[in-house]
Amino acid sequence: MPLLVMKFGGTSVADLARIQNAAQKVKREVERGYDVIVIVSAMSGKTNELVGWVEQTSPLFDAREYDAVVSSGENVTAGLMALTLQEMDVPARSWQGWQVPIQTTSAHSAARFLSIPRENIDAKFAEGFKVAVVAGFQGVSPEGRITTLGRGGSDTTAVAFAAAFSAERCDIYTDVDGVYTTDPRITAKARKLDKIAYEEMLELASLGAKVLQTRSVELAMRYNVRLRVLSSFEDTDETSGTLVCDEDDIMESKVVSGVAYSRDEAKMTLVTVEDRPGVAAAIFGPLAEAGVNVDMIVQNISEKDLGGRTVNVTDMTFSCPVNQVARARKALEDAKAAGAIMYDDLVSDTDVAKVSVVGIGMRSHAGVAATMFKALAADGVNIKVIATSEIKISVLIDRKYMELAVQALHDAFALETAN
Ligand code: ASP
Ligand code: MG
């Protein structure tokens, strides 16, 4: 039997009527001849509520009990989905993670898959079940405790099942009809993409386009899972949505495929650091130990006159998530107090945003950076930090210009048209 994985996110199972609607889509695939593994999220808002309850009960909670509580939202929707399918005469049953069993590491609230054995579910398909409804976001540790995969983890469950069961495709049903060139709330010119390469999606996902959990895209790329994002609120067919696939499956692609942004950035600068070997290690070592996710880094070397003696100094600037500024500051101040680094001042700017253009076409096209910088200059947007990779250019700018910058770049790369 050909097999499909269908994943329904929180808004797609938000109430009983929506579960009905999702179940109809599952039934249609069964009628087309597929065995289906359905992965469900918790009803929208449920996981946040459960997290809140844990935090209220125990501020320094036991991570194992956090997972026991927070994973439960998916158990409810898995059971309800199986019941709904049964009412439609589709032979279905629910599976909690431990029943499969979905084996993960014991890193609670950030667990990773170890293995997804097929035997139990395959045996049920062989008995005549057409649908296995699996609770997303959860698994079981080697110690036998319930684990969760990190917020948004049901996407990753879906891709992992598609890989383990060699599914024909992994369909991610959500509240948008696909992946767009940029956020349609920022510009009405945003266009839905028919296809996007894994690597581009990976950059967009990690740059703040919230359609898919980044880890799910990594897994899809590693196991070559054809991943499709589509709306659960529309009538859909084989051609709907956006297919995330290998770049070889994309005939025509533009140099830039999308513009991403992230509002939650901060910029920190260590002023007048002595420029000598080992300084970067002395700064970024303690930051890493403190769990600060440093993203962009720049250093500006200059000379300073120290009473007749000229020494080389540098200003070291980096960006990190805005909610990690306090932690970064503490790590650097502690390192200074311990004599590990010396600097004159530590300045943080929390009113910045990151805007990035992404596209695999950049590998073979020159001039993308020039086009980007010209477009920003034309709108008077000052660039504070620049970072590039093979298929991405990111700039840090004042947050108040973020929307303007996204619009300007979307226009500059003519993203509203397909060719
Ligand atoms: N329910 C979990 C969350 O809200 C997992 C998911 O929906 O993907 O993060
Ligand atoms: Mg999600």
Side-chain angles (χ1 to χ4, degrees), residues 5-15 18-19 22 37-55 61 63 65-81 94-98 100 102 104 107-113 116 133-140 146-162 170-180 183 185 196 201-202 204-220 225 227-233 241-242 244 260 262 264:
V5 170
M6 302 172 74
K7 183 257 174 180
F8 293 94
T11 49
S12 304
V13 292
D15 56 35
R18 289 193 180 172
I19 293 177
I37 296 178
V38 175
I39 309 291
V40 285
S41 284
M43 291 177 170
S44 64
K46 195 68 200 170
T47 309
N48 287 340
E49 181 182 51
L50 295 168
V51 169
W53 287 349
V54 169
E55 288 171 349
F61 51 78
E65 301 306 343
Y66 170 98
D67 279 356
V69 174
V70 167
S71 62
S72 67
E74 274 71 9
N75 298 343
V76 174
T77 42
L80 289 172
M81 177 64 82
S94 68
W95 297 82
Q96 294 185 8
W98 63 272
V100 174
I102 301 171
T104 73
H108 285 277
S109 84
R112 298 209 157 207
F113 292 110
I116 299 180
V133 186
V134 180
F137 178 53
Q138 57 174 262
V140 60
I146 304 300
T147 55
T148 65
L149 306 172
R151 299 306 302 272
S154 297
D155 294 335
T156 305
T157 306
V159 173
F161 271 79
C170 179
D171 285 344
I172 307 279
Y173 285 88
T174 179
D175 50 9
V176 293
D177 62 355
V179 179
Y180 278 71
D183 186 340
R185 287 169 302 187
I196 186 165
M201 191 63 231
L202 203 53
L204 293 174
S206 62
L207 291 170
K210 293 186 181 65
V211 223
L212 290 171
Q213 198 197 33
T214 307
R215 175 106 187 92
S216 72
V217 186
E218 277 168 17
L219 267 191
V225 171
L227 185 63
R228 191 162 66 130
V229 177
L230 70 174
S231 167
S232 67
F233 303 127
T242 300
V244 187
S262 153
D264 311 316

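Numbering of ligands and ligand atoms starts at 1, following listing order. Worth saying up front: this structure is predicted, and the values here are computed from it rather than measured.
Side-chain contact between E65 and V54 is absent, with no heavy atoms from C-beta onward closer than 4.5 Å. The shortest side-chain heavy-atom distance between M81 and I39 does not fall under the 4.5 Å cut-off.
Within 6.0 Å of the CZ atom in R112, the count of heavy atoms belonging to other residues, nucleotides or ligands does not exceed 12.
T157 contributes a side-chain N or O that, together with a main-chain N or O of F137, makes up a donor-acceptor pair within less than 3.5 Å.
For S109, the side-chain contact (heavy atoms from CB on, under 4.5 Å) partners two or more places apart in sequence, or in a different chain, are Y66, D67, T148.
By heavy-atom distance, the residue among K46, R151, M43 lying nearest atom 3 (C) of ligand 1 is R151.
Using a 4.0 Å heavy-atom cutoff, G9 is absent from the residues neighbouring ligand 1. The closest approach between any non-hydrogen atom of G152 and ligand 1 is below 4.0 Å.
Under 4.0 angstrom from ligand 1, the non-hydrogen atoms of E74 all belong to its side chain.
Close contacts of ligand 1 with S154, meaning ligand atoms under 4.0 Å from a residue heavy atom, involve 5 (C), 6 (C), 7 (O), 8 (O). For ligand 1, the atoms closer than 4.0 angstrom to any heavy atom of S41 are 6 (C), 7 (O), 8 (O).
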